[in-house]
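Residues: numbered from 1 along the sequence shown.
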Amino acid sequence: IPTGSGSLFINETNSSVQYLQSLNFTILTNLSEIVNLSFSLIFVNTTDVRGNQMNRSAILTFSGLAFTDPRPLVDFEDDSTFEVCNAPQCNEISYNSTTGIFVFNVSSFTTYSSQETSTVPIGNATSCGLVTSDVTMMVPVFANATCYTLNASNIVLDCAGLSIFYDRNGSDNSYGVEANYVKNITVKNCNIQDINASGTNGVGINFVGVNDSLAFMNTVITNGTSGNYGIEVSSLSVNNRIENNNLYSYGPGSLSCGVFLFGDSLGSATNTTVKNNIIRTNGTGSNIGIRLAGAITSLQNSTIVDNNIITDGSGGSNYGISLVTIMSNNISSNVISTGGSTNNYGINSVDGNLNTISSNTITSSGTSNNYGIRLATSSLNELDGNNVTTSGSSSYAVYISLSDDSVFNNTVLSDPSEWIFSASGTANNFTNTTFRAVNGSLRYPGLFQVTGAQDVNKTRLNIILNGVYLI
């Protein structure tokens, strides 16, 4: 191809690529050196400088297929390890079973292929695949990447206490069970385990755009280099429940998370209930028990209640519950313990407003700077009846930064390393606060306001045997 710009159509006997957008080639390009089109296989080497312009959306066509119902495959690493390619990466356009012509759109380039859709039979399941009706597992199942894809609404996957072993090849973006843009589904009684420590973004149960659905009584063990999530709910998912699960997110790297509710460019998950789960996370650092993160809109109206959370790691920044860009959520009656090296927080709120945080029991430990409750740019929150303990140097029960108009009622500071820290530019109210130490306690039943830069440490408020000193 000479230099210049324009649309491009590449055609071989059994496959073709059509770019509808204009491509701009700045150097002379021999397509045969960067593009491979063969039977049910299309590859574009976009790591080559000549192929940079081709890393964009295109329409792919395979012909001569003998499938009844094909689906696209993608090899993200170009290492001959394929997995099912779902939206938005791939979107099927059409298939003619008479001519064997399969057409689908892709959003970017790597290696693509196709295969027959493996549909789990109605009733009893003995292998992984696409689920379109109620299924009860009969035997343990194994998958090289993703195991079950729930592709219909109003269905139940009941594992009957049996195991799903997924990600045998250690691929990125592998799921034990996934569901996309369906409603009223249930995943229950499953033992789901990632059996390869390689790969990132491995998820036990992944809901994308799923509504009115339930994950119940499952045990999930995730494993991978980073980004391991027990249960993930995202992208305009509404009215879902995550209840009575045991979630263990481990890995040799960072960011192991028990439950992750988040938003993307389409919007945030809302009205999610996360209740009565046991959550354990561990890795090098940045491990989180329950993570709520909004995107273009705040994540709203979720209830996080009665969970037992332990987060740990060889490094720091391990959080029990992380709240980022959220509002009007209820975080109540959770038992939270965090550990690691430094900067471990029980509840960490950043841009979190109008939330209720009540009756939580929090223990944050580590070598230094561990906070029980941390508010940063978070305002108008109501905190009631929380019991907070910390250990490590400069570790405050309550740490407030650039946050206003929150109310702390009936707070028990249960022998933390330090009491309360407030940075400049803050003003928050405390009522009926108990300062508890080994040798006694002080309860202040009235209202006091913490305004601006204040360091209420144990030097300034010191409780000793038969005495209290306030400086």
Side-chain angles (χ1 to χ4, degrees), residues 192-204 218-232 242 245-262 274 276-293 304 306-324 331 333-350 357 360-374 386-399 414-418:
I192 302 171
Q193 184 172 354
D194 184 341
I195 56 175
N196 193 314
S198 299
T200 63
N201 297 316
V203 183
N218 302 289
T219 296
V220 179
I221 302 174
T222 65
N223 191 16
T225 56
S226 64
N228 307 297
Y229 306 108
I231 298 177
E232 182 177 290
I242 301 170
N245 301 282
N246 295 333
L247 308 175
Y248 305 93
S249 291
Y250 304 137
S254 62
L255 199 56
S256 294
C257 183
V259 175
F260 187 17
L261 313 179
F262 76 103
V274 182
N276 201 33
N277 301 282
I278 295 173
I279 299 172
R280 305 289 184 264
T281 70
N282 203 321
T284 55
S286 300
N287 306 300
I288 302 170
I290 299 175
R291 182 184 183 193
L292 281 65
I304 313 299
D306 293 327
N307 300 284
N308 187 299
I309 303 168
I310 299 177
T311 65
D312 209 340
S314 57
S317 299
N318 304 303
Y319 308 150
I321 298 177
S322 175
L323 313 172
V324 179
I331 316 296
S333 301
N334 302 285
V335 177
I336 302 168
S337 177
T338 69
S341 57
T342 62
N343 301 103
N344 306 302
Y345 311 147
I347 295 177
N348 182 43
S349 176
V350 179
I357 302 173
N360 299 286
T361 301
I362 301 168
T363 303
S364 294
S365 61
T367 56
S368 63
N369 300 108
N370 310 297
Y371 310 138
I373 297 173
R374 177 177 180 263
N386 297 291
N387 190 309
V388 185
T389 301
T390 66
S391 64
S393 63
S394 302
S395 295
Y396 290 83
V398 177
Y399 186 99
S414 186
D415 196 30
S417 295
E418 307 291 356

For this session: Please assess Ser394 against Ser368 for the test side-chain hydrogen bond (donor to acceptor under 3.5 Å, both in side chains), listing each intermediate value before the final yes or no.
Result: CA-CA 6 Å; Ser394 302; Ser368 63; over 6 Å; no
Seminar exercise, completed: Across all chains, not counting sequence neighbours, the side chain to side chain donor-acceptor pair (under 3.5 Å) partners of Thr311 are none
For this session: Would you check if the side chain of Ser364 reaches a backbone N or O of Gly346 as a donor-acceptor pair within less than 3.5 Å?
Result: yes
Exercise. Is it true that a side-chain atom of Ser249 and a backbone atom of Cys257 form a donor plus acceptor pair closer than 3.5 Å?
Worked result: yes
Pairs of donor and acceptor atoms involving the side chains of residues 192-200, under 3.5 Å and at least two apart or interchain, shall be tabulated with distances.
unit_1, atom_1, unit_2, atom_2, d
Asp194, OD1, Asn196, N, 3.1
Asn196, OD1, Ser198, N, 2.8
Asn196, OD1, Ser198, OG, 3.3
Asn196, ND2, Arg168, O, 3.0
Thr200, OG1, Asp172, OD1, 3.4

Seminar exercise, completed: Heavy atoms of Tyr229 and Thr222 approach each other most closely as O-CG2, 3.2 Å
Problem set entry | Asn245 side chain to Ile278 backbone, donor-acceptor under 3.5 Å | no
Seminar exercise, completed: For Ser417 and Ser391 the tightest heavy-atom approach is OG-CA, 3.2 Å
Exercise. Can you say whether the rings of Tyr371 and Tyr396 are parallel (under 30°), tilted (30 to 60°) or perpendicular (over 60°)?
Worked result: tilted
Exercise. Under 3.5 Å, is there a donor-acceptor pair linking the side chains of Asn318 and Asn287?
Worked result: yes
Exercise. In chain order, what residues pass the salt bridge (charged side-chain N to carboxylate O under 4.0 Å, His left out) check against Asp312, with sequence neighbours excluded?
Worked result: none
Problem set entry | Smallest separation among heavy atoms of Gly316 and Ser341, with atom names | N-OG, 3.0 Å
Problem set entry | Test item: side-chain donor near acceptor, Asn334 and Asn360, under 3.5 Å | yes
For this session: Could you pull out all residues at least two apart from Ser395 that satisfy side chain to side chain donor-acceptor pair (under 3.5 Å)?
Result: Asn370
For this session: Have a look at Val335 and tell me which of Asn308, Asn307, Asp306 forms a side chain to side chain contact (heavy atoms under 4.5 Å, CB included) with it.
Result: Asn308
Exercise. What residues form a side-chain contact (heavy atoms from CB on, under 4.5 Å) with Tyr250, not counting sequence neighbours?
Worked result: Tyr248, Arg280, Asn282
Seminar exercise, completed: side chain to side chain contact (heavy atoms under 4.5 Å, CB included) test vs Ile331 passes for just one of Ile336, Val274, Leu323, Asn386, namely Leu323
Exercise. Of all residues at least two apart in sequence or in a different chain, which pass the side chain to side chain donor-acceptor pair (under 3.5 Å) check with Arg291?
Worked result: none
